[in-house]
J.: 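Can you keep this structure in mind? I'll have questions shortly.
For clarity, every value in this text was computed on a predicted model and none was experimentally measured.
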Amino acid sequence: MTSSPRAVWFALGGLALLCLTPVVASLTGTPYLLNLVTRFAIYGLAAVSLDLVLGYGALVSFGHAMFFGLGGYVVAIIAFHAKQGSPLFGWGDSQQALIAWPLALACCALLGLATGYLALRTRGVQFIMITLAFGQMVYFVLMSLQIYGGDDGLMMPQRNPLPGLDLKHPATFYYVCLALLAAWTFLCIRLVNSRFGLVLQGLRQSERRSVNLGVAPTPHRLIAFVLSATGTGLAGILWANFAGLVTPDMASWTKSGEFMAIVILGGVGTLLGPIAGAAVFLGLEQTLSAWTEHWMIVMGPLLVLVVLAGRNGLFGGWLRAGHD
């Protein structure tokens, strides 16, 4: 589906519009627009990562925010120690993005490996509850880290330096987020259209038939889960650099619910749909919150209506029709 002409034009058109955002924000004198679309790119990255396991592996993870929180906390903790003059692991330049980001991604991958190894022994509701339990465990661990701010969170004094780029400049940081979103989405599209992805989709459709054909379900699902955790952790890293603050709420079950709502809103199992879903979700959040402080009372029924109106979300049916 993701390689259909309609999906290709959808992706290229959206990318072109996003590339023009800083120019539009500068010409119209609305720097807040750039901040909003940067948030969209980060949330879109997390949504694509979740859709990899939710849409193609039929794995309903209700704890994916733990990777989002862990990725953010690792880079913030590294920055905290660098500011204190006691860099982690004794490396003076540990705050560099080329060091801090891979380290944070490795931590997310390891957590994803441990969580997936245990959770994939179960199915259905049990899988949901185990991922939720792991997510809440990470949330309360972050809450208990008083040296790193506890429930108040931890400030990140500056963005991780990236050689050749000034990430302090909002437009530069935005383009880095956009480039990572585009690269990760392209990687996921190639993955789901590869032999590995076809096996993963075969397991989603009929595990018994796939097993009879000689497929080992757990390794394929575990690899997908670890990749999904890594992508979500990358979104957390970017969020920490963008907001300059990490809090335990980044790992809460409500944040996992937001990511799942974005994927469902955009279209499960499309990869491109959840990116558009992130734009719609954040746009509704900004519009409704400006209208009333009880905006979630309105947002909830709207999401329910979308789910009831069609299983493909707002964009899934249109993208799939292009493939047919």
J.: Hey, does V215 have a side-chain heavy atom less than 4.5 Å from the side chain of V211?
T.: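 They are not in contact (no side-chain heavy atoms under 4.5 Å apart), so the answer is no.
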J.: Distance to the ring centre below 6.0 angstrom and angle to the axis at most 45 degrees; does that hold for R39 and F242?
T.: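 Ring-cation test returns no.
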J.: Is there a donor-acceptor contact under 3.5 Å from the side chain of T232 to the main chain of S228?
T.: yes
J.: Measuring only between side-chain heavy atoms, which start at C-beta, is Q158 closer than 4.5 Å to Q95?
T.: yes
J.: Is the backbone N or O of G269 less than 3.5 Å from a side-chain atom of Y56, with the two atoms forming a donor-acceptor pair by type?
T.: yes
J.: Between H220 and F225 (judged by ring centroids, cut-off 6.0 Å), do the two rings come close enough to count as a pair?
T.: no
J.: For Q96 and N160, run side-chain contact (heavy atoms from CB on, under 4.5 Å): C-alpha distance rounded to whole Å, both residues' side-chain angles, the deciding distance at 0.1 Å, then the answer.
T.: CA-CA 5 Å; Q96 290 287 330; N160 296 122; over 6 Å; no
J.: Determine, stepwise, if the pair Y148 / F80 fulfils ring pair (Phe, Tyr, Trp, His ring centres under 6.0 Å).
T.: CA-CA 8 Å; Y148 301 125; F80 171 80; 5.5 Å; yes
J.: With a 3.5 Å distance limit and no angle check, can you tell me whether T115 reaches the backbone of G112 through a side-chain donor-acceptor pair?
T.: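 No, T115 side chain to G112 backbone: no donor-acceptor pair under 3.5 Å.
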J.: Are F281 and F40 close enough that their ring centres sit under 6.0 Å apart?
T.: no
J.: Counting only N and O atoms by type, is there a donor-acceptor contact under 3.5 Å from the side chain of T287 to the main-chain atoms of G283?
T.: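 Side chain of T287 to backbone of G283, a donor-acceptor pair under 3.5 Å: yes, one is there.
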J.: Could you check whether any side-chain heavy atom of E258 comes within less than 4.5 Å of a side-chain heavy atom of Y43, counting everything from C-beta outward?
T.: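 Side-chain contact under 4.5 Å: yes.
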J.: Hydrogens and angles aside, do Y175 and H169 bring a side-chain donor and acceptor to less than 3.5 Å of each other?
T.: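 The answer is no; no qualifying pair exists.
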J.: Just by distance, do the side chain of R221 and the backbone of L200 share a donor-acceptor pair under 3.5 Å?
T.: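 Not a single qualifying donor-acceptor pair exists.
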J.: Is R159 reaching over with its side chain to a backbone N or O of L167, donor-acceptor style, under 3.5 angstrom?
T.: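 Yes, because the side chain of R159 sits within donor-acceptor range (under 3.5 Å) of the backbone of L167.
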J.: Does the ring centre of F259 sit less than 6.0 Å away from the ring centre of F68?
T.: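 Ring centroids of F68 and F259 are less than 6.0 Å from each other.
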J.: Does atom CZ (R123) have a neighbourhood of more than 12 heavy atoms from anything else shown, all under 6.0 Å?
T.: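 Result for CZ/R123: enclosed.
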J.: Under 3.5 Å, is there a donor-acceptor pair between the T131 and H64 side chains?
T.: no
J.: First locate atom CG of D51, then atom CD1 of I262, and finally report the distance between them rounded to the nearest 0.5 Å.
T.: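 Interatomic distance, D51 CG to I262 CD1, rounded to 0.5 Å: 11.5 Å.
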J.: Does T21 use its side chain to pair, donor to acceptor, with the backbone of L18 at less than 3.5 Å?
T.: yes
J.: Side-chain contact, heavy-atom cut-off 4.5 Å: P163 with L98?
T.: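 Contact flag for P163/L98 side chains = yes.
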J.: Counting neighbours of CE on M296 that are heavy atoms of other residues, nucleotides or ligands and sit closer than 6.0 Å, is the number greater than 12?
T.: no
